[in-house]
Every structure is written in C-alpha cells, then in structure tokens.
Amino acid sequence: MSTTQELHELPAQYDPGQTERAVYERWVAAGVFSADETRSKRNGGDRDPFVIIMPPPNVTSVLHMGHGLNNTVQDVIVRWRRMAGDEALWVPGTDHAGIATQNIIEKQLAAEGKTRFDLGREAFVERTIGFVRQTGGQILQQLRAIGASCDWNRTAYTLSPELSIAVREAFVQLHERGLIYRGHRVIHWCSRCLTSLSDEEAEHSEEMGTLYHIAYPIAGTKDKESLVVATTRAETMLGDVALAVHPDDERYTDLIGKSVLLPIANIEIPVIADDYVDPAFGTGVVKITPAHDPNDFEVGLRHKLPMPVIMAPDGTMANGVDAGSRVPPELLGVDRFEARERIVRTLEKSRQLKKVEPHQHAVRHCYRCDTVVEPRLSDQWFVKTEPLARPALQAVRDGTIRVLPKRWEAAYIHWMENLRDWNISRQLWWGHRIPVWYCEKCNRQIVSRTDVTACDKCGGSVRQDEDVLDTWFSSWLFPISTLGWPDKSAAPLVAFYPTDDLVTAPEILYLWVSRMIMAGYAFMDAAPFHTVYLHGTVRDTNHVKMSKSLGNGIDPLDVVASYGADALRYTVIAGMGMGADLVLDPKDLERSFAPGRNFATKMWNMGRFLLTNVGSAPVGSVDELRDTELTLADQWILGRLNATISECDAALGTARPADGNWAPEDRYSGLRLSEFAEAARRFVWNDVADWYLETTKGRIGTDGADSEVARAVLTHVFDYALRLLHPIMPFITETLWQRLPSPLAADRSEFLAIAPWPLPHPVAGNETDAMARFDLAREAVSAVRQIRSDYAIPPGKLIEAFVQSRANGGLFTDQARLIGQLGRATLKVGASPTDAAAAHAVLTDGSEVIVPLAGVVDLAKECGKLRGELEQLEAQLESLSKRLRNEGFTSRAPAAVVDSERKKEEEWTKRRELIAAKVIALCGG
RNA sequence: GGGCGAGUAGCUCAGUUGGUUAGAGCGCCUGCCUUACACGCAGGAUGUCGGGGGUUCGAGUCCCUCCUCGCCCACCA
C-alpha cells in the first residue's frame, strides 16, 4: 500500500461525526458488548465476571449531562475490565418511574382540560403504556452516541412482565416472612400527586415560617384564663384533640386533667401530660393533632385519643374521619394555606392570637413536584426494615461493600442505623399494583403471586388493592431481577450475581442503593455489589446544578455533534476528582470541551505521522529486541510506558476484593479516574509526542536495522497508549488502532475494545540507568532551548559545546538521586542497641533500609561536593552567555534563575547538615 | 440542631501515607505556519496553598481555632 493511499485513508482532520457511529455499529454487530454466561467462572467458564447494573433512568427521560457523566464513568470502568480479560457485562435499563411518569400524563390531560379521573384507571394506564411505547426509552438510544458499551440484548424495564414477576415474588416473600404489613399511621402525603410518600421521598428544606401563639381558653374559668400554644401550622388546630404539657412542668401541673376550649371549632379538649413535650420550647404547651402530625399521633396512641382528619386528600379543609363538624362551613373546601390565613385572622379578631414571630424550620416537600408534604393519617403497606437493614449495615461495616468516596460510608451507616419502616404503597395508577386481594364476602385478605379471581375460602368475589407499589420497590430488585431472579438457577443470575460496581450520584444512596443492598441479602443472601462509587453533580460555573428547567443545561448530544463523544468523555473523566462536582460552562462549550477535542486531534496526528512514516508493513516485536539494538530513547520510552501502565493501574485500583472483603490497602484507593486519565494523557502527549516521536524522525526511513527498531518501538508504544486510553476515548483509539501495522508475531484481536489491557514489559538493558541518562539528555535540551529563547537565537544556530559538557557532568541525575533518597526518608536513630551504629531509614514506600552511620555523615560531605558542581554549572552558563553576548546576542531575560536555584539548594544543604549533625549527636559520634 | 466536604495560579481543578524547586488544562506574554498536528510547537510570567496559632529539622499535607461557601441528615410544635 502506498503512502498516499494511507494518507487518503486518514484525513488530515479527525471527524468524529463521520467515524463514531460506524465504529459503534461494528462493535455491536461483532457482539463485543455481549456477555456470555458460559464464560463466567461461576458458571464453568474461564473468566472472572465483571458486572455493572446501570442505574435505570426514568423511561421518559432524555439524556442530560448528569446521565452523560454517570454512564461515561460506568463505561470507562466496564471497558477497562473487558480489556483486562473479565467477562464484562453492563446491563442497561429503564425505570417506569411511577409518580414522574404519571405526572407527565396528567399534565397532558390537564392541557386537554381533563383529569385522570375523567379517563378512569384502565384508560389512563393504557394511555401511559402507549406514551411509553412511543417516546420511552429514547435515552437508551442516546447512550449509544456517547459510546456506552451495554449489552443491549439484556435491556431491562422495571414494568416488563419478567421484572413484574420479580416484584410480586418479592412482595409475597416478604409478606410470608412477616416483613410486610398494613399499617395505620401518619405518613407523608403529597396533596398534588395525591399519594403517600416514603420518608426519603419527602425532602427537607429550610424555610422561613411563622410561629403563631394561640390562646386556648381554659374551660370553666370566668375571666378568660387561657393556655397559649405555639404552632406554625395553625390550620391543623381544627384537628386538635388535646393540649399537652410536660409532666414535670410546674407551671401547668394543676391544669393537667382539666379542659380547654378549642377555638373556632368550639370543642372542649383535655390537657394531658406527656414526656414528649419540651418545656423549654415556645410556651411549653403543645397542641396535639394526632391525624396530622407523626409525633402527635404517637401521643394520641399513648393517651387513646381520637384522631380526627380535617383535610381532604387534595389539601383542602374537610371533615374527614372522626372529624364531626370541626371544620366550620366557611372553611370547607378551602386550601390549607388559605385556611391558615383565615384562621389566623379570625383568631386575631377574637384576640386569641397572642403573638406572631418569624420562625425558621425545615419543611418536607414532595421530591417529584416540590409541593409541601402534609402529614396525614392513613392506611398504607409497610416494609419492616430493621431485619433487612442488619446485614446491609454489617456489609459496609466489615468491608464486604466499600463506598467511594469514603465519607459516604459514614452517612450510609448513620442512615441505616436510624431507618424507619418503609411505606411502599402509593395511591397512583402507574406502577405495579399491590398483589393483595380482599374478599367482598368474608373480608379475607389474600396475598398472591398470581392474580386472584375468587376467594379461596368462601368463593366470594374479590377486589384487588387499589394502590400501586413505590417505584423503588421494583428498582431495589434491579441487580437480581435483571439477571433472572426469582429463578435462582437462571444462568445469568448464577454467572453474574453478585455484581461488581454500582455507579451513581449520592442523592440516591438512601432511596436506592441502600435498598438494593437490603434486597440482595433478603433474596439472594449476598451483597448485590462490592463497590459503590458515588460521583458528583454536574454544575454550571455558578455552581448551580444543571437542569433543563433552569435552562443552564448542556445537551450531551450537542457536544457529541460539535466535539465528538471522545471529547465529551475525556472532559467528564479528566475534570472530575473523586466524589467532586463537575463544573462546566453552558455558555462556553469551547472552553469546557476543546481540551478533549484537542487531545483527540493530537492522537489523530500522531496516528498520521505513524502511518506515513512507519507505513503498514508488519513491524517486529519489542520483546525480541536486544538491549544493544535499543537507543537510549527507546529504552526511556519503554520505561515510561511501564511506569505509565503502573500509574494507570494504581489509579484504577483493584477491580474486586480478593476474599470477599476489601483489604484495607485497596478499600479506598481505586477508581481514581481523573488520575488515570491524566497519567495516560501525560504519557501520550508529553512523552511520546513531545520527545520520543521526535527522536524517531531521523531514524525511521533510513536503511538498516535501526529503522526497524524505531518502527517496532514506536508502533508498540502507540499501540499500548491507545489501549490505555481506550476506556476513556473509545472511538478515536479504536479507529486508529485498526490501522496500526500489525506486529510480526501477531495474535491481535479484531477490536481494540477487546484487546488485552497492557502489562508492563521488561525493557532490555538497565531500564533505570537508561531512563536517567535520557532524562539528562532532556535536561540538556531544555537548557539549550532556554538559552536560545533568552537570547532569541535563530532556530538554525547550534550550541553544541554546552550540551556536551552538561551531558558529561551528570550533575542533575546524581543530585536528584541524592536528594531523593534523603528527602523521602524518615530517619530513626538508635531505636535499639543494635541500631546504635546505623541510621534506620524508613522510606515512604514502606520499605526500610539501614544506612551505615558513616554513610549518613558522608551525605553531609556530599552536599559540599554538589555545591561545587553547581558552581561549575553556573560557570558554564555564564561563559556560554558571555560567548553569546560577544556574538552580538542580548539576553531578554537576564535570569536570576540560577541565583534562586542556588539559594534553595543551600537551604536544603543546611537541612541535610542539620539532620546529619543530629544523627551524629544522637549516636554519640 | 447534628454530621460531612470544599476554600491551592485570572478560571476549572489535581496534589495517596508530611520531604527534591506545589502541578495540569484553559487564559495571559514572547517567538515560531520547523514536511503529524496553529485544535499545534518552543520559551515565559502569575500562588503569603482561606486567616491565626501549634507539632516537626521540614507542613498545602498532621493538631487546635476562626471565617466563607456547599452538601447530607434531623419528629422540637
């Protein structure tokens, strides 16, 4: 193949738009992303399985930067493990998202002037199914554009028939084990969504409210004696059934057992004593509203008080269960906040409003629509969480599961320890209907895996529970349900459960992650994964979370179109420290994404150089090269490659715990993706492109063996660089890799995506020495460039003398080695009698060396010698400068550089002398 | 109210166990269209590492304290 043809194949400009789609289609067509159960070691195969279950996005959602970040991270990890030889599986899926999806359809209906009740349940569900079928799941299509290497054959959906079986099974099993029960208590109620919420779905936010001090006249007193109560939710007073004081509060002791008159409702209610009351807060008197406050509910239970409900589900005032006619006619149907205003005004008029003061407090809001949540007494289904939490807590405590970054581990533990029972029933229509039937005739409650048509006892007709299950009750099963549970012998479940990493944002640690861990133990008796990786949030430059509604979002597909998926991925990975937020500028995509694109372009051009110069003829294997054949540069770049591989591996860490538990040294050290990206980038750009590739220019193309050596080494180094970068920038690396000349001893895979992950290769010759010597050469080159720049010397002019004398001196390497050795050591002297004559140096890598005392003393002398060499260097620089000045050049930066260097060096010398002196003093000379 | 994180160059951020002259990208300045790359190359400037105190031969890193911002948790009406 001729050079021109190859250049033709590799256009001067990399065009991601033209290549990415085709590359992706070839991967899919070749089944590169498909995992094979039979290859898993757990299923008789020869590979370790490595599995990530995708946090299922809402089925109606479209790709935003948050997804872009989340899925890029997962893809980087899964591609790394795929190359490392694991049977890698990434399971994609979507969540039916009960409330969120129902809200969308309700909004559509509202636009048509209708409510879901106008349609009826069946038609509403049909319509939603239709909507999901038409527009749902497009996010999974979009994920392909950013290169997500999911096994699309296993795409899951929480409301699919398979997963619905799992949901039912889980419900029935927990019910059989006594862990699901029907409870009558105060729950969080969203008056807009018309459903109950779990504790986690009712989110706190600090708000400025008003504390109203209201006087309740004491019954039977003539002169309007009263008890004053402080409340922020004045409207709930209509549901008051008592006033409570602390039993030991002397101010009120004689009032206990008496009655007060509830204003507006004009009902007599008792004054009771309960420990729950804090005498120090407000007036020390609390109104008890059992149906509309969880604490008051508990008080109500203890004192066997009635529990009148004074609000309708939609948040308007109404006489509900046990309310009689507490709500006066003029307030019936009035919204709760309006009612609050009116009641306050009424009390003001009757002079029963004693004080009004601003009061900051936390108010719970619906996590889907932000409506203020109303505590409300109702019947709901609950999961008893304590028995489920026990193993889930233990798993994180004992290192079966690690949480990265570490700080979230404490948050998880704290939350798990204080977990309350989980309300799983929702008064919605979109979701898994609760598998409970009630006999119309004998009132029997039937919990069943299959649909029930008649009572199994009396044959009476049955009706199914109206409620659906919390969305999270299906997604908490995702790691098991997507793999075939409840069939415990299903091949995917056997081969791939437990999974490995779970990658998500901290905001759903409690809502989802913790519950998956509980489900894993409850149904499979094993943790669902061993690593929870929590990444940050995507924010704009004002650190505001990106969102469509705020208009500060970036559409990942726009970025893909303008900069390419690789640029998007690189930016996301390189810009994100462990657990840190990712800040991007929605108004300046160029600033955010150009570095990634530029890096891709750099690689593209390296590829063009390589194809033009190395050509497509097969190259030799580097393993067969002898050290006598390798130049200093060859040895150096191979050494740098090894170092880079080690750096990348260290940043990525151990993929899985060795014996079921994380070893302390691995537990918090892995998945430092930005460091991985930086190590690879540094190598490719600063080492290969800036230095090594330049050294091959005079070699490749010449006749003789050295040209072949350079071809082999350059190709090898670039090949391995592409491998290291593939998880981050899969498209361009695959494209370039496909065109690399093949090594003579070739067992190359068809795709880079499944090519082996690099291992360090031993370099022929003395690697350390060669690297030091080449570094010296680089130092010399840099020094010359600096002089050139300072004196504005034209590119053509040579300054040979300096290079040579510098290279011969070997000053920098020796100096570096010396300072390095002492610098990293902590000296412990005379720790034991046998140590008396030696200094014990503990190096920072944990290894220890014994330095004979004489050696330490020599170090001090050595410092003096170095100072001499430094002076020699200065002299050389000075004479060079003089010569240049004589030739008519003038320095543009007559640098005090040497001067400051000497100062710093002297400082270090002093320090070393101090240490040495101390050593001598301690050891008695 | 409790807990956690952050504050490092103009901007966005790295900096594992204290140790060679605190780094990267972008931006900025100077010079280069040097036949892979101007989405580039070479050179350069910019930091009291939030303030103060302490431990140490040595602190961005450890301890104390204060300030600013952010996050999580929370049944004080």
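The model shown is predicted, which means the values in this text are computed figures rather than measured ones.
- With sequence neighbours excluded, the residues that form a side chain to side chain contact (heavy atoms under 4.5 Å, CB included) with Arg667(A) are Arg402(A), Glu409(A), Trp662(A).
- One can place CG of Asn418(A) at 12 Å from C1' of rG3(B), the figure rounded to the nearest angstrom.
- With pairs defined as Watson-Crick or G-U wobble and both atom distances under 3.5 Å, the stems of at least three pairs that touch RNA chain B come out as B:1-7 with B:67-73, B:10-13 with B:23-26, B:28-32 with B:40-44, B:50-54 with B:62-66.
- In this structure, the side chain to side chain contact (heavy atoms under 4.5 Å, CB included) partners of Ile508(A), at least two apart in sequence or on a different chain, are Trp472(A), Thr504(A), Leu511(A), Trp512(A).
- Arg682(A) comes within 4.0 angstrom of nothing in the nucleic acid, heavy atoms only.
- Looking at every heavy atom in both residues, Val614(A) comes nearest to Pro741(A) through CG1-CG, 3.9 Å.
- Straight-line distance from the CD atom of Glu675(A) to the C1' atom of rC13(B): 12 Å, rounded to whole Å.
- In this view, Arg591(A) satisfies the side-chain hydrogen bond (donor to acceptor under 3.5 Å, both in side chains) rule with no residue, not counting sequence neighbours.
- Comparing the same atom, P, in rC39(B) and in rC13(B) gives a spacing of 26 Å after rounding to whole Å.
- Summary of the strand contacts: Arg681(A) and Arg672(A) both lie near RNA chain B, and taking for each the nucleotide with the nearest heavy atom, the more 5' one is attributed to Arg672(A).
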Exercise. Which nucleotides of nucleotides 68-77 of chain B have their base under 4.0 Å from a protein heavy atom (B), which only their sugar-phosphate (S), and which neither (-), written as one string 5' to 3'?
Worked result: ----SSBBBB

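- Here Lys355(A) pairs with His213(A), Glu357(A) under the side chain to side chain contact (heavy atoms under 4.5 Å, CB included) rule; sequence neighbours left out.
- If you take atom P in rG23(B) and the same atom in rG47(B), they sit 13 Å apart, rounded to whole Å.
- Among residues two or more places apart in sequence or in another chain, the side-chain hydrogen bond (donor to acceptor under 3.5 Å, both in side chains) test is passed with Asp249(A) by Arg251(A).
- Under a cut-off of 6.0 angstrom, the local environment of NE2 in His361(A) is crowded, with over 12 non-hydrogen atoms contributed by other residues, nucleotides or ligands.
- What separates CG of Asn686(A) from C1' of rG25(B) is a distance of 11 Å, to the nearest Å.
- Going from the P atom of rA42(B) to that of rC37(B) covers 14 Å, rounded to whole Å.
- Straight-line distance from the CG atom of Asp540(A) to the P atom of rU12(B): 11 Å, rounded to whole Å.
- Residue pairs meeting the salt bridge (Lys or Arg N to Asp or Glu O under 4.0 Å) criterion with at least one member in residues 288-300 of chain A, sequence neighbours excluded, are Arg233(A)-Asp293(A).
- Scanning for side chain to side chain contact (heavy atoms under 4.5 Å, CB included) contacts around Arg407(A) gives Pro405(A), with sequence neighbours left out.
- rU21(B) and rC64(B) have their C1' atoms separated by 31 Å, given to the nearest Å.
- A side chain to side chain donor-acceptor pair (under 3.5 Å) check over residues 573-589 of chain A, counting only residues at least two apart or in different chains, returns the pairs Arg539(A)-Asp581(A).
- For the C1' atoms, the distance linking rG53(B) with rG10(B) amounts to 31 Å, nearest Å.
- Applying the salt bridge (charged side-chain N to carboxylate O under 4.0 Å, His left out) rule to Glu207(A) yields no partners; only residues at least two apart in sequence or on another chain are considered.
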Seminar exercise, completed: The contact string for nucleotides 35-40 of chain B, one letter per nucleotide 5' to 3', using protein heavy atoms under 4.0 Å with B, S and - for base, sugar-phosphate only and none, comes out as -BB-BS

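- As judged by a 4.0 angstrom heavy-atom cut-off over every strand, Arg591(A) is placed among the base-contacting residues.
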